[in-house]
Amino acid sequence: MFRSLHMKLVMILVLLITSLMTVVGAFLMTSVTSFYIDSFYEQMNDAFSDAAFYSALKTEAAQEDGAQRLQSLMELYAGTLGIDSRSRNYYILNADTGAFLTGSDEAGGAVLEQTANILTARNGSVGSESDIAANYMDVAVPVSGGDNHFIIYIRDDRATVSELNGELLLIILQAMLVGLLVSVLLSFLLAKTMIDPIEKLTEGAERIAGGDFNEVLEVDSNDEIGILTTTFNDMASVLHDTLDAVENERSKLDALFLHMTDGVVAYDADQQLMHCNPAAVALLDRAPEACVYAEIFEPIRPFAQVLGMRRGDYAEAELTVGERSVELYFAAFADEETGGVLVVLHDITEHRRTEERRKEFVANVSHEMRTPLTNIRSYAETIRDANGDIDRETENSFLDIVISETDRMTHIVQDLLTLSRLDSGRTEMVMARFPFADAIDAVLRSIALEAQRHGHELTGDYSERLPMIMGDRGRIEQVMLNILSNAVKYTPDGGHIRVSAGDADGKVWMEVADDGIGIPEKDRSRIFERFYRVDKARSRESGGTGLGLSIAAEIVQRHNGSLSIVDRPGPGTTVRLELPIRQATGQEALS
Ligand code: ADP
């Protein structure tokens, strides 16, 4: 029930009331006691200063039975002296011995001790010294009459004041009890008005610390607590917005790290892995926990060196992981506390391959051009050096070679141009619907003579009712012609070339099967590469450039089709062309 703040409040109020009442009580009781003592001595002084009373005392003392006489007089004056025979008594003592003679309290008189005041009176003076430490008050007045010497001794044992003080203490205790009750009630009232809002604020702060920003605290008053609650609500709202913004930025960054193709690995200043995105995991080909700086990057760039780099500086390096080439960028980053190292990984495998292919291509082109150029030069030089000393027939045959080598070069240049246009997308495909079988017919007709010259048996095995397809008829026929002329070229004279075609699953296909020299298994995947030829001499002899199939493959790819060598046993080669009947994205997509 008692919450800590409430408990403290109760304790404070209880302590306050208790200490206040104790001080007041002590003050009251001391005041009452000293008032009582003062009034005792004042009363005594007044009585004994009364000349009539004192001379009467003397007269009575002078009598033979002075003690009894004095007693009668004292009884007479009992009221004036406040003698009640209970707490205040009078005693008549022998002034010489201090012995008790008679008085209002026989029993007390018998055991009366010789107090300081009695001793003073025995010496002839009035003893009226107050002893604060004693539990009584007394006055001893010497009275002499004739030869009789007496002491009138009045003693008050303070019972009245003790009783009074006792009652006072009771009243104070009662008041204290009421005060305590009031303080408990007051603490509840204070708790309601002050502690409850503070506790609500505390709960609100705890909720916010737990990440719950949904509830807004109610503002019940306009006082300081009300202002504090409003400020708290404002602060919570700003905090919420800020956290949202931070969270937003974080999730943006997370998404970026997650989906970016470049790898990012971050280490803190102790080389502990902080972050490793999926791209980095893939590029480094190891699990995130195995991305240890010391193992992977330390030999390339020491950690301390990178950590010491200035902000904005970075270092580049290259790493080979299996068959991949990865470019690395090292940079130091500093967060408020420590800082660390960031490594960005960029996959340049394709870039390197392309570069290699380009180099290879340039080397191939140079090589292809050099042969005809060397031939042209050597034959032209021979004619020039002969200086007319050459027969006409030889000269003509030399010039024929020069012309045919020039044609060959023109052929290569044309093929290269075609490829370059296809590569750069500058070649427009003129898309139209045409019967697939018609295209095959036309190509067969155009190659028939050439096949006949080589004594090949050319057969067509397909239905005329093949579907219409969408494509650039001229280019498709170019592809078919290339496949067929290869079959004619790479089949020894008197061979068999069979063209079959059909359609299935939204596609048309055409296969050209020959029983020629065939293509070795190891070369099959490469014959679509530029300048790749199985037998260079033979290809060159038959006027091949090594570019025909690469051009064909590019055209087929632009039609979303495929060109492949069919894996079939037996001698010869079977080339298969597959084309979709419809172009999924229409004509525009292919232009
Ligand atoms: P080329 O102009 O040399 O014929 P291609 O690109 O058309 O160039 O063909 C590439 C290589 O593929 C040829 O050099 C040849 O070695 C091989 N080839 C293509 N078709 C056949 C086939 N029907 N039979 C055997 N080899 C073939």
Side-chain angles (χ1 to χ4, degrees), residues 256-257 259-265 277-286 296-297 300-301 314-330 343-371 409 411-429 472 475 478-479 482 519 521-534 536 539 544-565 575 577-578 585 589-591:
L256 195 77
F257 279 140
H259 300 296
M260 68 194 287
T261 48
D262 281 352
V264 178
V265 196
N277 72 347
V281 170
L283 285 174
L284 292 171
D285 195 23
R286 47 173 79 204
I296 313 167
F297 305 117
I300 306 168
R301 287 274 159 187
Y314 66 91
E316 280 180 56
E318 216 175 297
L319 176 73
T320 309
V321 185
E323 292 198 338
R324 285 184 176 283
S325 306
V326 183
E327 202 162 41
L328 306 173
Y329 297 90
F330 294 88
V343 188
V344 177
L345 301 97
H346 182 61
D347 188 0
I348 50 163
T349 315
E350 203 47 48
H351 178 73
R352 284 272 179 275
R353 273 189 202 143
T354 314
E355 217 165 72
E356 266 162 34
R357 272 203 293 266
R358 196 181 54 78
K359 279 186 196 155
E360 201 184 323
F361 181 70
V362 171
N364 278 333
V365 171
S366 321
H367 182 77
E368 290 301 320
M369 295 297 224
R370 205 169 49 223
T371 319
M409 276 173 60
H411 201 166
I412 294 175
V413 170
Q414 267 170 354
D415 277 358
L416 283 172
L417 260 173
T418 311
L419 264 178
S420 141
R421 286 209 186 99
L422 282 166
D423 280 347
S424 63
R426 274 181 290 139
T427 308
E428 285 238 350
M429 297 284 158
D472 184 328
R475 304 272 177 198
Q478 186 187 341
V479 173
N482 187 275
I519 304 170
E521 185 78 40
K522 64 174 174 54
D523 296 307
R524 286 189 184 172
S525 60
R526 301 199 60 192
I527 59 159
F528 298 103
E529 287 176 19
R530 292 163 193 199
F531 291 116
Y532 193 82
R533 286 167 294 192
V534 179
K536 284 196 195 313
S539 161
T545 59
L547 293 169
L549 278 183
S550 6
I551 295 174
E554 284 287 338
I555 294 172
V556 171
Q557 199 194 333
R558 296 281 297 270
H559 281 80
N560 302 314
S562 67
L563 194 58
S564 54
I565 305 294
V575 180
L577 164 71
E578 263 185 23
T585 48
L590 295 161
S591 58

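Shown here are the ring-ring contact (aromatic ring centres under 6.0 Å, His included) partners of F330, two or more places apart in sequence or in another chain: F297. For R421, the salt bridge (Lys or Arg N to Asp or Glu O under 4.0 Å) criterion is met by no residue, not counting sequence neighbours. Scored by the salt bridge (Lys or Arg N to Asp or Glu O under 4.0 Å) test, E360 finds no partners at all (sequence neighbours excluded). For E327, there are no salt bridge (Lys or Arg N to Asp or Glu O under 4.0 Å) partners at least two apart in sequence or on another chain. With sequence neighbours left out, R475 forms a side-chain hydrogen bond (donor to acceptor under 3.5 Å, both in side chains) with no residue at all. Here E316 pairs with nothing under the salt bridge (Lys or Arg N to Asp or Glu O under 4.0 Å) rule; sequence neighbours left out.
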- M369 vs V413, side-chain contact (heavy atoms from CB on, under 4.5 Å): CA-CA, chis, key distance, verdict: CA-CA 9 Å; M369 295 297 224; V413 170; 3.3 Å; yes

Could you walk me through whether E350 and R353 satisfy the salt bridge (charged side-chain N to carboxylate O under 4.0 Å, His left out) test, starting with their C-alpha distance in whole Å, then the side-chain angles of each, then the deciding distance to 0.1 Å, before giving a yes or no? CA-CA 5 Å; E350 203 47 48; R353 273 189 202 143; 3.7 Å; yes

Does H559 form a side-chain contact (heavy atoms from CB on, under 4.5 Å) with V479? I'd like the steps, not just the answer. CA-CA 12 Å; H559 281 80; V479 173; over 6 Å; no

- Item | side-chain contact (heavy atoms from CB on, under 4.5 Å) evaluation trace for F531 with L547 | CA-CA 5 Å; F531 291 116; L547 293 169; 4.0 Å; yes

- Query: Yes or no on side-chain contact (heavy atoms from CB on, under 4.5 Å) for T545 and E368, after CA distance, side-chain angles and deciding distance?
  - Reply: CA-CA 8 Å; T545 59; E368 290 301 320; 5.9 Å; no

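For R301 (side chain) and L328 (main-chain N/O), no donor-acceptor pair under 3.5 Å exists by modelled atom type. The closest donor-acceptor contact from the side chain of T320 to the backbone of S325 lies at 3.5 Å or more, if one exists at all. With N277 contributing its side chain and D262 its backbone, the two residues share a donor-acceptor pair below 3.5 Å.
In terms of heavy atoms, L419 sits closest to I551 at CG-CG1, 3.6 Å. Taking all atoms of both residues into account, the shortest heavy-atom contact from V556 to E578 is CG1-O, 4.2 Å. Of all heavy-atom pairs spanning S420 and R426, the tightest one is OG-NH2, 3.4 Å. Of all heavy-atom pairs spanning T349 and E323, the tightest one is CG2-O, 3.7 Å. The heavy-atom pair separating M429 from D472 by the smallest distance is CA-OD2, 3.4 Å.
Of the inter-residue distances, the one linking I519 atom CD1 with R526 atom CZ reads 13.5 Å to the nearest 0.5 angstrom. For the atom pair L577 CG and N482 CG, the distance stands at 11.0 Å (nearest 0.5 Å). For the atom pair CG of L283 and CG of L319, the computed distance is 9.5 Å after rounding to the nearest 0.5 Å. With rounding to the nearest 0.5 Å, the separation of OG1 in T371 from CD1 in I412 is 8.0 Å. Taking CG from L549 and CZ from R530, the interatomic distance works out to 12.5 Å, rounded to the nearest 0.5 Å. Of the inter-residue distances, the one linking R324 atom CZ with L345 atom CG reads 11.5 Å to the nearest 0.5 angstrom.
Salt bridge status for E355 with R352: present, with a side-chain N to carboxylate O gap under 4.0 Å.
Side-chain contact between L563 and V575: present, with at least one pair of heavy atoms (C-beta onward) separated by less than 4.5 Å.
More than 12 heavy atoms of other residues, nucleotides or ligands sit less than 6.0 Å from atom CZ of F257.
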